[in-house]
Every structure is written in structure tokens, then in C-alpha cells.
Amino acid sequence: MAKGRAIGIDLGTTYSCVAAWEEQNGRAEIIVNDQGNRTTPSFVAFTDTQRLIGDAAKNQAAFNPSNTIFDAKRLIGRKYKDPEIECDLNLWPFKVVPGADDKPMIKVNYKGQEKCLAAEEITSMILTKMKDIAGAYMGSSVENAVITVPAYFNDSQRKATKDASIIAGLNVIRIINEPTAAALAYGLQKRATFSGKRNVFIFDLGGGTFDVSLVTIEHEVFEVRATAGDTHLGGEDFDNRMVHHFVQEFKRKDRVDITGDPRALRRLRNECEKAKRTLSHANDTTIEIDALFQGIDFRFPITRARFEELNRDLFEKCMEIAQNCLDDAKMEKRELHDVVLVGGSSRVPKVQSLLEKFFERNDLCNSINPDEAVAYGAAIQAALLSESYSIVPSMVLVDVTPLSLGVQVKGDLMSVVIPRNTAIPVKMDGVYHTTKDNQSWMSLPVYEGERTKASENNLLDKFSFRGFLMLLEAILSMLCLNLIMMKGRLSSAEIKRMIEEAAVFREEDKKFKKIVEAKNALDYYIYRKERGLKDFNVSSKVSASQKEAILSAFTVGKTLLESEKHNEASVFEDYLKMLQNICQSIV
Ligand code: ADP
Ligand code: MG
């Protein structure tokens, strides 16, 4: 059990959300950010003067596309060579380069200097923002958090997410799966109406990832029966299809190619995302962007039917994955009691109609907020794991391993020890024989994944093998004689360096904020006093020469404010004090 209060963070590809348990109300509360929004864009931007996170970063994306980073969740825990990343590389307006050990590194320009950042660092910045949002609401800083990840995240993606949390100064009390969190939220809100056992199908289609889970709720026990998904399928892909379509259309009609222009692409992408949302309630819309490229205006209509056609295979893929999940759970469609929609992209009408057809029902449940359910559930889990709350709902969660775990045996074959969708925690043994006489130990590479050829799966570690022990949160931990190597995860030295760097960033953000505040204070003072001199008849008491002296001091102040040279708050604070003294002594 964690000491102190704990929050739940839904760390999304496109939007993140934070929630906290409210004992007195018996429910979780979604915490609004400094802009008054309930979700925060998972964006980080770097400029010549500062670092921006969340809404502020997203809002300036079109002006600063190559230094506005999003989609870090699509990079985290993956190798640069990963084919899933390859197709994104061409579409991202920022630069990603291969780093040590083939780790993808994001290149940005911050305060005129080039910086290479790991996806863990960008993610840690978003987490820091979510932590601060919660801290501001709760009155003091909160360190304990339950963080959600897609059910289909593999071990290295989970570990990398955990590393990002450490860098952000969070104490991760548990990593839980997004659809499982949504099931907790749904269960809490609905279970009073349940009688007996309830089979709930969670369909979570977000911005970057797609997850489905089949959860059985019986009294306080929430048991995940099976889970399936695609960590690279979501609303961003629908946007990409639309962007691609319009790039072609623009080429055809106006004979211009905008693919080399990050700013034009960013503007087009923003409008495509908006159009996509419009098409969830309208049958057609028009995208209009003034002077998109070489002064040429962009104006193209799109219908809902066309949008659906562009994404047909992606929508169908969702249904296939839903079928896989049912198969794994060995359950028939008719045994399901509820189909719950989660994730912003579950609002797409075609997705809903395909689902209705697939499940042969027309009562899909959209009574829980698709953008907030995951954070809500994470907050429930956080309360259950924290000592600080005395009134918590009685809920027990039993989750499963999303991927099969096994070892590589002769001929590069994957020998599965723990099949996917096994309830955890679990302990299973596999018996493997030595190949020579008197061999005292053996090294076995451990993989996770569903391919028959072991090397095509995700290598976790090479172990001297004796047995497996799965811990909760599906992060594989093994009891073994000899740990030979640790793969894919940041070393403790790297984490330490990133924590130090994060502190530098924070310090710089603070300093920047202080400068802005000092400048605003000076600016406001000059503005107010200047008006005072004009509006009121102070001149009777102030001689012409004194007035002139004040006005010229104001002019110097304004020049100071406009100059880019000063990056110390004290310059502006001192000048303000001086002005105040002058004005006081005269008036
Ligand atoms: P994630 O958790 O992956 O960040 P979310 O669940 O927050 O994703 O969903 C964000 C995605 O949902 C974005 O791609 C957004 O464009 C999409 N979305 C939000 N509202 C709508 C809508 N009304 N119609 C279609 N797509 C939508
Ligand atoms: Mg999500």
C-alpha cells in the first residue's frame, strides 16, 4: 500500500487525462488543467525561449512544426528499425534519428541549441504536466500514481513507460491496462443495476492505439478474460489517410506538392482532424486553408462516405481484433451483456455501425465518457492501493498477460511457457533439458509474442533458466539463477542523467515564468501610470520637466521590455522598483 494520496493518469497518444478519488462523493473526479480542459494534449514543444507542454504546445504546432513533439507513445519502448515506426517517420514533422542501441531519438532545437531526447523524456514531461495539474487542484504535490498503458503494450513498452514516470518524479504504484481501467469505471457506475455475472466487452479506440478486453464482473471481482489490440491503430491513422488523400488532390488540381513542407502538412493535419470530428455528426464538410502552400488557398470538400472509404480496411481490422478477443476468451457474442465504447475514435459512426453489425445488437453502451473513463478507472485503482483513503469501493482486479511468454528452443522455435491471456499473477514451469553431459546451467533467451519463430518476437532477456514468476502489472519479472543482460530498458545511469536534465528543464521553465511575470508587471505599471498621467490632472502637481523625466523613464522601460537581450527577471524587477521610486518621489 502506498503512503499518501494517489492519482490515476491516462497517458494517451494524443490526449492525457488525470483523475483523483473523492471519498466524500464516492466517485473519481476528473481534474481540469490550467486552461479549464478535462484532457490535455500529449504535446511538448521547444522554442527559442521556452518549453511548452499540453495545450500551449499544441496551439503553436503550426508555427513551429519541427520542434513540436507528439506521438511519443508510438516511439516509447521501440527500436528505430521497428517497421511500425518506419511508416510514421515520413509523416512526422519532427526529426527522429537512430541513437545508441538503435533507440529512436527525437531531435529538437531548444533555445538555439540542438538536443536529442528519448521518447521516455518527452513522456516524462507530459507526466510532469499531469502531476502538476493534479497538484494544483489538490493543494499539494502528489507523487503516487497509477498509470495506464494499452493492454497490448509489450514488456519493453511498459518498462519504458515506468522509466518515464521515474524521470517525472512519480512513484508508480501500479501500471494497469487501459481497457481494464475503463471496465472499473463502467463497473463502478453501473454495478448497482447488475444482477449476477456480467460479461462486458470494452472497445477502446483512441488516437494512437486500439485495445479490446472482455471483462467478467461478478460482485466485487473484475476478471479480465482476454485482451487483444493493435498498438499502432487509431484516430491518428484516420487523420493520416485523410492528409494523404488531400495531398494527392492538391497535387492533381493545383499541381503543387506540399510533402516537403512541415508547416503546410501540420496545418492540413489540424484541419483534417477537425473535419473528421465534424463528419461524426455531419454528412459532409469542406476544408478551407488560406495560402496553404506558395500562396495558394486550399479548398476541398469531403463526404462522410469518402472518409469511410479511405479507412475501410482500418475499421475492418478493428472488427477482426474484436473477434480474436472473443475467440481467446472462448465466448460467443450472445453471451455478452454489454459492449462499452471507450476512446475518442469510438465516436466514428461507421465504427459504431460495424460494431452493431458485428455484435448483432443495437444497444452499444456510450453512457460513460469515452475520453475520461480510463483516467477515472485508474483513479479508482489508485485509491484502492493507497493508505490515505478509508472509503473505497470494494473491487478486486484480475488481469491477464497480453502476450505469450516463452523461450527460444532449438531451430529458433518459440516454446510457450505462459500462453497469452493467462490470469496473473501466475507461476508456471517449463522443463528444458541440457544439451551436454555435466552442463551446470543453461542460457535461455526469453521472448514475448505470438510468432512461431522465436527471433521474430520481442526478446525480453537471456536467462539462466529455472522457472517463471509473473508479477502483477504484467511486467515480467523472473526468478532465475543468473541475469545475463538487461535489454531495451534505460540503464540507471541514463535514468539518473534524465532526472537531472528534467530538473534543469523545470528550473528553466520556472525562470522563464519568472521573467514573463516580471516583464508583465513592468509593462502593466508603465501602461497604468502613462494613462494616469494622461487621464488625470496630475500635471497640476507635476512640473513639465518632471513629467518629461517620468515619460522618458517609461520609454527606457519599454525599450527594455522589447529587447531580447535580457534573460534575468531581476533586470525587470529592479527597473520596476526604480520607476516606482521615481513616481512616488514626484507625485
Ligand atoms: P488517446 O487515448 O490515444 O490519446 P483518445 O481516446 O483521447 O486517444 O482519442 C483521441 C482521438 O479521438 C483523436 O484521434 C481524435 O481525433 C479522435 N476523436 C475525438 N472526437 C472524435 C469524434 N467526434 N469523431 C471522430 N474522432 C474523434
Ligand atoms: Mg486512450
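Numbering of ligands and ligand atoms starts at 1, following listing order.
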Novice: For atom 25 (C) of ligand 1, what's the nearest protein heavy atom and its distance?
Specialist: Ser280 OG, 3.3 Å
Novice: Do me a favour and list the nearest non-hydrogen protein atom to atom 7 (O) of ligand 1 with residue, atom name and distance?
Specialist: Tyr15 CB, 3.7 Å
Novice: Any nitrogen or oxygen of Thr13 lying under 3.5 Å from a nitrogen or oxygen in ligand 1? Just yes or no.
Specialist: yes
Novice: Among all protein heavy atoms in this structure, tell me which lies nearest to atom 6 (O) of ligand 1, with the distance rounded to 0.1 Å.
Specialist: Gly344 N, 2.9 Å
Novice: Does Gly234 reach ligand 1, in the sense of a heavy atom lying below 4.0 Å from it?
Specialist: no
Novice: What protein heavy atom sits nearest atom 3 (O) of ligand 1, and how far away is it?
Specialist: Gly207 N, 2.7 Å
Novice: Using a strict threshold of under 4.0 Å (side-chain N to carboxylate O), is an ion pair present between Asp371 and Arg347?
Specialist: yes
Novice: Please list, in number order, the atoms of ligand 1 under 4.0 Å from a heavy atom of Gly235.
Specialist: 14 (O)
Novice: Numbering the atoms of ligand 1 from 1, which are under 4.0 Å from a heavy atom of Gly208?
Specialist: 3 (O)
Novice: Output yes when Glu29 and Arg27 qualify as a salt bridge under the 4.0 Å nitrogen-oxygen rule, no when they do not.
Specialist: yes
Novice: What protein heavy atom is closest to atom 23 (N) of ligand 1, reported as residue, atom name and distance in Å?
Specialist: Arg347 CD, 3.5 Å
Novice: Would you mind listing which atoms of ligand 1 come within a distance below 4.0 Å of any non-hydrogen atom of Val348?
Specialist: 25 (C)
Novice: Would the distance check show the side chain of Arg241 and the main-chain N or O of Leu310 forming a donor-acceptor pair, the cut-off being under 3.5 Å?
Specialist: yes
Novice: Who's the nearest protein heavy-atom neighbour of atom 10 (C) of ligand 1, and how far?
Specialist: Thr14 OG1, 3.3 Å
Novice: Hey, is ligand 1 close enough to Gly343 that some N/O pair sits below 3.5 Å?
Specialist: no
Novice: State whether the side chain of Asp102 and the backbone N or O of Lys81 hold a donor-acceptor pair below 3.5 Å, judged by distance alone.
Specialist: yes
Novice: With a 3.5 Å cut-off and no angle check, do the side chains of Asn154 and Arg158 form a donor-acceptor pair?
Specialist: no
Novice: Quick test of your reading of the model: are Arg361 and Asp363 salt-bridged, counting only N-O distances below 4.0 Å?
Specialist: yes
Novice: For Arg420, which of Thr401, Thr227, Asp328 qualifies under side chain to side chain donor-acceptor pair (under 3.5 Å)?
Specialist: Asp328
Novice: Which heavy atom of the protein is the closest neighbour of atom 2 (O) of ligand 1, given with residue, atom name and distance?
Specialist: Gly12 CA, 3.6 Å
Novice: Looking at Lys276, His244, Arg269, Lys274, which hits side chain to side chain donor-acceptor pair (under 3.5 Å) with Asp239?
Specialist: Lys276
Novice: Side chain, backbone, both or neither: which applies to Ser345 and ligand 1 if a contact is any heavy-atom pair less than 4.0 Å apart?
Specialist: both
Novice: Kindly identify the option in Glu273, Lys276, Lys73 whose heavy atom sits closest to atom 14 (O) of ligand 1.
Specialist: Lys276
Novice: For residues Ser367 and Lys190, is any side-chain donor paired with an opposing acceptor at under 3.5 Å?
Specialist: yes
Novice: With Lys131, which of Ser165, Ser141, Ser124 fulfils side-chain contact (heavy atoms from CB on, under 4.5 Å)?
Specialist: Ser141
